[in-house]
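Here is the structure we will look at.
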Amino acid sequence: EERKGHSPGMLAMAYHLVQSHGPRRLLSGAGATFTGYFLHGAFKYGLFEMWKAVFQISKVSLAMHIPMLCLCAFLAELLATVVLCPAEAARIMLVADPTF
């Protein structure tokens with residue numbers, strides 16, 4: 001039972017969506033989301049390892065080790081997010097327009 005001023009919970013909304021539009025509508029953006037985040041994770045790990053080799057982290061002084069690792073992580077995340085953006089845009093289009 002809904003109270004005035006409160007929205008139903010996540011499960012209640014999922015149940016309502018399945019009842020009114022079917023389970024396919026509930027999962028309409030799942031493929032693009034899975035693909036995008038899979039590629040994001042793969043690129044982030046690979047790029048982090050690549051930047052560690054480029055900056056030769058093993059030869060960096062102890063005082064600069066953590067800052068250099070943070071720089072590698074930042075650059076890897078930045079580029080991996082660029083890979084994620086088209087998949088997220090596709091997911092939004094799939095959810096907004098089922099005919100896409």
Task: Any pair counted as salt bridge (Lys or Arg N to Asp or Glu O under 4.0 Å), so long as it reaches residues 63-87, sequence neighbours left out - done: Lys44-Glu77

Task: Within residues 27-43 or reaching into it, pairs that qualify as salt bridge (Lys or Arg N to Asp or Glu O under 4.0 Å) - sequence neighbours excluded - done: none

Open item on the list: Is there a path of hydrophobic side-chain contacts, each under 4.5 Å between heavy atoms of I/L/V/M/F/W/Y residues, joining Trp51 to Phe74?
Closed with: yes

Task: Any pair counted as ring pair (Phe, Tyr, Trp, His ring centres under 6.0 Å), so long as it reaches residues 17-44, sequence neighbours left out - done: none

Sequence neighbours excluded and cut-off under 3.5 Å, please list the side-chain donor-acceptor pairs for residues 59-73, or say none.
none

TODO: Return each pair, listed once, that meets salt bridge (Lys or Arg N to Asp or Glu O under 4.0 Å) where at least one residue sits in residues 90-100; pairs must be two or more places apart or across chains.
DONE: Glu88-Arg91

Open item on the list: Run the side-chain hydrogen bond (donor to acceptor under 3.5 Å, both in side chains) test against Thr35 and tell me which residues pass, sequence neighbours left out.
Closed with: none

TODO: Determine which pairs satisfy salt bridge (Lys or Arg N to Asp or Glu O under 4.0 Å) with at least one residue from residues 29-38, sequence neighbours left out, and list them in order.
DONE: none

Under 3.5 Å, which donor-acceptor pairs link side chains of residues 12-20 to any protein atom two or more places apart or in another chain?
residue: Ser20; atom: OG; partner: His16; partner atom: O; Å: 2.9
residue: Ser20; atom: OG; partner: Leu17; partner atom: O; Å: 3.4

Task: Heavy-atom pair of closest approach, residues Leu94 and Ala32 - done: CD1-CB, 4.2 Å

Task: Hydrophobic cluster membership, Met50 vs Leu84, 4.5 Å side-chain cutoff - done: no

